[in-house]
Amino acid sequence: LLLLICLIFYNNYTLFSQTKVKPLVFHGGYTFSSFKGQKSAAIYITIINSGEKDVKINSISTDIAKKAEIHEITSEKNIIKMEKIDNFLVKKSDTVFFQPGGTHIMVFGLEKELVDKETFKIDILTNDSQKYSVDILIIDKKLR
């Protein structure tokens, strides 16, 4: 009986110790509802790196659009423009806020209308080969 208990404990400990904790936490992801025929939308979210290393976001995808990219709003000589950021870095122990007027996720080629109170997923792949599936809430654009 003691041998059986030890074997069960060992198997559970081995299984638990092989579980890798993902360093990034995604919180509060949202976008605004769209109108019929709209082809792009911005997504806002908070990203927390609770890990001990910097993490790069290599790619983002979703089944509701053809393409997803991280963008940053910049201003040069009173001209505001949006620039794509490849391999977005989230530094260790840092919190990053994707928000209107700043850094955000753009989705292009929307394949469905974004309806208030519905959700969809975005998939995020990082340089440490972690894949995150994140829920995004659609909010009525009248609340902007």
Side-chain heavy-atom pair Pro23, Lys53 within 4.5 angstrom cut-off: no
Side-chain heavy atoms of Ile48 within contact of Leu24, under 4.5 Å: no
Ionic contact status for Lys121 with Asp63, cut-off 4.0 Å: no
Value rounded to 0.5 Å, distance of CG in Leu110 from NZ in Lys67: 12.5 Å
Polar side-chain atom of Glu113 near backbone of Val115 as donor-acceptor pair, under 3.5 Å: no
Rounded distance [0.5 Å steps], NZ in Lys84 versus CD in Glu69: 4.5 Å
Ion pair check, Glu72 and Lys81, cut-off under 4.0 Å: no
Chi angles and distances behind the side-chain contact (heavy atoms from CB on, under 4.5 Å) call for Ile43, Val107: CA-CA 8 Å; Ile43 298 171; Val107 289; 3.8 Å; yes
Residue pair Thr103 / Ile70, side-chain heavy-atom distance below 4.5 Å: yes
Contact check, side chains of Lys22 and Tyr132, non-hydrogen atoms, under 4.5 Å: yes
Heavy-atom pair with the smallest gap, counting every atom of Asp116 and Ser33: N-CB, 4.1 Å
Gln38 versus Ser40, closest heavy-atom pair with distance: NE2-O, 2.7 Å
Check against side-chain contact (heavy atoms from CB on, under 4.5 Å), Phe26 and Asp135: CA-CA 9 Å; Phe26 296 87; Asp135 289 320; over 6 Å; no
Min side-chain heavy-atom separation Ile57-Ile47 under 4.5 Å: yes
Polar contact flag, side-chain donor to acceptor under 3.5 angstrom, Ser133-Asp123: yes
Ile64 versus Lys112, closest heavy-atom pair with distance: CG2-CD, 3.7 Å
Distance (rounded to the nearest 0.5 Å) between Lys56 NZ and Thr126 OG1: 12.0 Å
Between CD1 on residue Ile122 and OG1 on residue Thr62, distance to nearest 0.5 Å: 7.0 Å
Atom pair NZ/CD of Lys39 and Glu111 - distance to nearest 0.5 Å: 8.5 Å
Note, Ile124 side chain near Val134 side chain (heavy atom, < 4.5 Å): yes
Validation row: Ile138, Thr119 side chains within 4.5 angstrom (heavy atoms): no
Check: Tyr30 ring centroid to Tyr44 ring centroid under 6.0 Å: yes
is_close_aromatic(Phe88, Phe98), centroid dist under 6.0 Å: yes
Nearest non-hydrogen partners of Ala42 and Thr31, listed with the distance: O-OG1, 2.5 Å
Ile85 reachable from Ile60 in the ILVMFWY side-chain graph, under 4.5 Å edges: yes
pair Ile45-Ile136: side-chain heavy atoms closer than 4.5 Å: yes
Distance-minimising heavy-atom pair for Asp140 and Phe32: O-CD2, 4.0 Å
His104 and Phe97 aromatic centres sub-6.0 Å: no
Heavy-atom pair with the smallest gap, counting every atom of Ile73 and Gly102: CG1-O, 3.5 Å
